[in-house]
Engineer: 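To start, I am sharing the structure in question, which I have written as structure tokens.
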Amino acid sequence: MAEVVQHRIEERIPELEQLERVGLFTKKEVKSIVKRVTALEYKLHRLIVNKEDFIAYIQYEINVLELIKKRRAHIHYQFKREEIEFPIIHRINSIFRRATNKWKDDVQLWLSHVAFCKKWATKGQISKVFSALLAVHPDKPALWIMAAKSELEDRNSSESARHLFLRALRFHPNNKKVYQEYFRMELLHCEKLRKQKQELEKADMDLGEYEFSPEILSGKLAEVVYKDATGKIKEAEFVISLLNIATIFDFTKDLQDSILKDLQTNYKEDSLTWDFMAKRELEAPGAGEELRSAKGRASDINRREEHCCQVYEEGNALQTVCSLVCSQRGLLSAVAAVAMEMKECYLDWSYSTRGYKKARKTFTSLQNNRPLSKAFFTRMIEIEKEQENPKMNNLREYYERVLEEFGTSDDDLWLQYIQEELGPLGQPENCGKIHWRAMKFLEGESVERFTSKYTLLQTGHLLRSN
């Protein structure tokens with residue numbers, strides 16, 4: 001082991017000599033580096049090694065790089081990088097490879113290597129790191145997306161990014177996020193080519209050497225991705241997500257129209273379609289002249305609301321929903337009482353007409369859309385408890401969310417949460433934590449009320465809700 005360590009230290013001599021010779025480090029500092037890396041090397045060559053030793057070595061080398069960077073700026077010396085920084089960077093990459101080879105399951109370790117490569121301009125190494133990572137973790141869609149984005153953004157290679165997305169889809173043929181990012185990538189690639197063409201034309205350069213296919217410039221590759229994606233994932237929500245991505249780009253009008261037509265043709269029975277179409281009417285741009293006056297703006301808002309309701313009245317095969325869904329005005333109303341009431345009604349309608357799944361979806365979509373009422377949350381709690389097999393995790397989610405809104409003043413909510421944990425679905429051991437949080441968040445007289453009621457509950461003088 002000592003021979004191996006000695007050999008590695010000797011390999012560093014040229015770069016250490018350069019550091020001292022050009023005035024970046026003193027002789028004393030170089031000796032200190034030798035002493036420190038010798039100790040670090042010995043730890044890496046023990047019979048039993050641990051990950052922390054590798055990380056400590058990597059961090060030390062990075063700290064040296066950072067210090068060199070500062071010293072260079074201070075003395076205005078920018079030469080001999082190949083003799084100084086390059087060997088250190090090469091060594092760090094080598095240590096990372098040894099670590100990730102030994103601890104293959106540690107995704108964060110792999111991603112730390114990627115981050116290092118990006119920061120220290122070793123972008124050619126990034127592809128190799130991702131390739132090795134994906135060979136070990138092909139089951140993680142997020143890693144495929146990260147690798148493809150890196151090829152596009154760091155290495156400016158749309159072809160490599162496309163290849164990675166196609167490989168990702170072999171492992172995850174129905175993954176929405178992979179398709180969404182693949183679709184976005186093709187649109188970004190198209191936008192880049194269009195800008196290049198415009199710049200060349202402005203410079204009055206001959207475009208003969210460059211290939212700018214009209215089909216690619218119009219977004220045909222993105223359209224191919226869209227058709228493949230919607231052929232496998234037949235959901236209105238997914239189609240809408242792709243349409244929203246397309247609207248980011250100013251050259252996709254034809255593509256947007258095509259997607260919109262598909263949505264209206266293939267998902268006309270889905271309430272999400274009509275909800276989306278109605279909101280488009282609300283968000284449609286108004287005439288410039290009209291919007292200059294307060295009266296004109298008010299007129300524009302009224303017109304949009306009218307169009308919004310007209311769209312709703314045309315949809316949702318369910319006639320009873322028209323009057324309620326047309327209350328989109330109410331959901332968006334500037335009058336708090338109206339907006340809160342309509343959210344409660346919409347949640348009730350979702351549950352009564354489409355069942356639990358629709359109600360949960362409605363709750364999710366509206367829970368961050370203030371103003372909100374306590375009744376909106378407690379109704380969702382009631383809906384959950386009405387199910388044949390209510391889920392405690394869902395109940396906790398609803399309680400946590402309502403307490404975010406009303407937890408500083410409503411002592412009854414904290415008490416109900418505790419009672420829920422004391423019930424047949426809960427875990428009584430959680431009550432202590434909830435009590436501690438309640439005492440921390442409640443304010444004023446609500447603290448005293450909570451303390452009093454909690455004492456009654458513990459002594460059996462307050463009936464449990466369950």
Side-chain angles (χ1 to χ4, degrees), residues 4-5 8-9 11-12 14-16 18-19 24-25 29-30 32-34 36-46 49-74 77-138 140-157 160-161 164 168 181:
V4 175
V5 172
R8 291 192 180 275
I9 298 302
E11 286 181 331
R12 305 176 71 110
E15 74 197 53
L16 294 171
Q18 286 286 7
L19 283 169
L24 289 169
F25 279 53
E29 287 173 327
V30 168
S32 175
I33 291 174
V34 172
R36 178 64 175 144
V37 298
T38 300
L40 291 167
E41 281 286 354
Y42 270 109
K43 287 185 178 180
L44 262 59
H45 290 86
R46 293 182 298 192
V49 295
N50 59 64
K51 185 165 45 179
E52 287 68 30
D53 291 334
F54 279 84
I55 294 172
Y57 199 165
I58 289 168
Q59 189 58 59
Y60 179 77
E61 293 282 23
I62 291 174
N63 290 343
V64 171
L65 275 177
E66 294 281 6
L67 185 55
I68 292 171
K69 183 178 179 180
K70 290 180 181 178
R71 295 275 176 90
R72 281 186 179 278
H74 183 67
Y77 182 82
Q78 303 300 329
F79 305 102
K80 301 289 184 180
R81 292 185 181 278
E82 290 187 5
E83 291 90 340
I84 297 174
E85 279 95 339
F86 285 16
I88 299 175
I89 291 170
H90 176 75
R91 188 161 49 249
I92 293 172
N93 280 326
S94 177
I95 298 170
F96 262 123
R97 284 194 297 271
R98 288 169 62 189
T100 51
N101 188 53
K102 189 169 184 64
W103 291 283
K104 292 183 172 67
D105 290 336
D106 190 335
V107 174
Q108 188 54 53
L109 190 60
W110 289 93
L111 296 181
S112 295
H113 192 184
V114 170
F116 170 76
C117 292
K118 287 187 177 185
K119 182 170 182 180
W120 292 97
T122 56
K123 293 180 179 178
Q125 184 73 18
I126 297 178
S127 294
K128 296 178 182 178
V129 176
F130 269 121
S131 180
L133 171 58
L134 291 171
V136 178
H137 297 281
K140 296 178 174 61
L143 296 180
W144 288 99
I145 293 170
M146 288 176 67
K149 283 187 174 181
S150 175
E151 289 297 321
L152 185 68
E153 297 167 5
D154 300 319
R155 302 190 67 236
N156 199 26
S157 176
S160 297
L164 280 166
E181 294 305 322

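Values reported hereafter were calculated over all heavy atoms of this structure, with side chains retained and with hydrogens, waters and symmetry mates removed.
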Engineer: According to side-chain contact (heavy atoms from CB on, under 4.5 Å), who are the partners of Ser131, at least two apart in sequence or on a separate chain?
Structural biologist: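 Ser131 satisfies side-chain contact (heavy atoms from CB on, under 4.5 Å) with no other residue.
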Engineer: Would you mind telling me which of Arg81, Arg91, Lys80 makes a salt bridge (Lys or Arg N to Asp or Glu O under 4.0 Å) with Glu15?
Structural biologist: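 Of all the options given, the one that passes is Arg91.
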Engineer: Determine the minimum heavy-atom distance between Phe130 and Ser150, stating which atoms define it.
Structural biologist: CE1-CB, 3.7 Å
Engineer: Within a 6.0 Å radius of atom NZ on Lys43, are there more than 12 heavy atoms belonging to other residues, nucleotides or ligands?
Structural biologist: no
Engineer: Can you see which heavy atom on Leu164 is nearest to which on Trp144, and at what distance?
Structural biologist: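 Shortest heavy-atom contact: O-CE3, 3.7 Å.
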Engineer: Fit a plane to each ring of Phe116 and Phe96, take the angle between them on a 0 to 90° scale, and name the class: parallel (under 30°), tilted (30 to 60°) or perpendicular (over 60°).
Structural biologist: tilted
Engineer: Please determine whether the number of non-hydrogen atoms from other residues, nucleotides or ligands lying under 6.0 Å from atom NE2 of His90 exceeds 12.
Structural biologist: no
Engineer: Please check if any side-chain donor atom of Arg155 sits under 3.5 Å from a side-chain acceptor atom of Ser160, or the reverse.
Structural biologist: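 Not at all, the side chains of Arg155 and Ser160 share no donor-acceptor pair under 3.5 Å.
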Engineer: Over all heavy atoms of both residues, which pair between Ala148 and Ala161 is shortest? Give the atoms and the distance, please.
Structural biologist: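 Heavy-atom minimum between the residues: O-CB, 3.3 Å.
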Engineer: Answer yes or no for Arg71 and Phe25: cation-pi contact, defined as NZ/CZ to six-membered ring centre under 6.0 Å and angle to ring axis within 45°.
Structural biologist: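 Yes, a cation-pi geometry holds between Arg71 and Phe25.
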Engineer: Could you give me the CA-CA distance, side-chain angles and deciding distance for Leu44 and Arg98, then say whether side chain to side chain contact (heavy atoms under 4.5 Å, CB included) is met?
Structural biologist: CA-CA 10 Å; Leu44 262 59; Arg98 288 169 62 189; 3.9 Å; yes
Engineer: Just wondering, are more than 12 heavy atoms of other shown residues or ligands nearer than 6.0 Å to CD in Glu82?
Structural biologist: no
Engineer: For Lys104 and His137, which heavy atoms make the closest approach, and how far apart are they?
Structural biologist: O-NE2, 2.8 Å
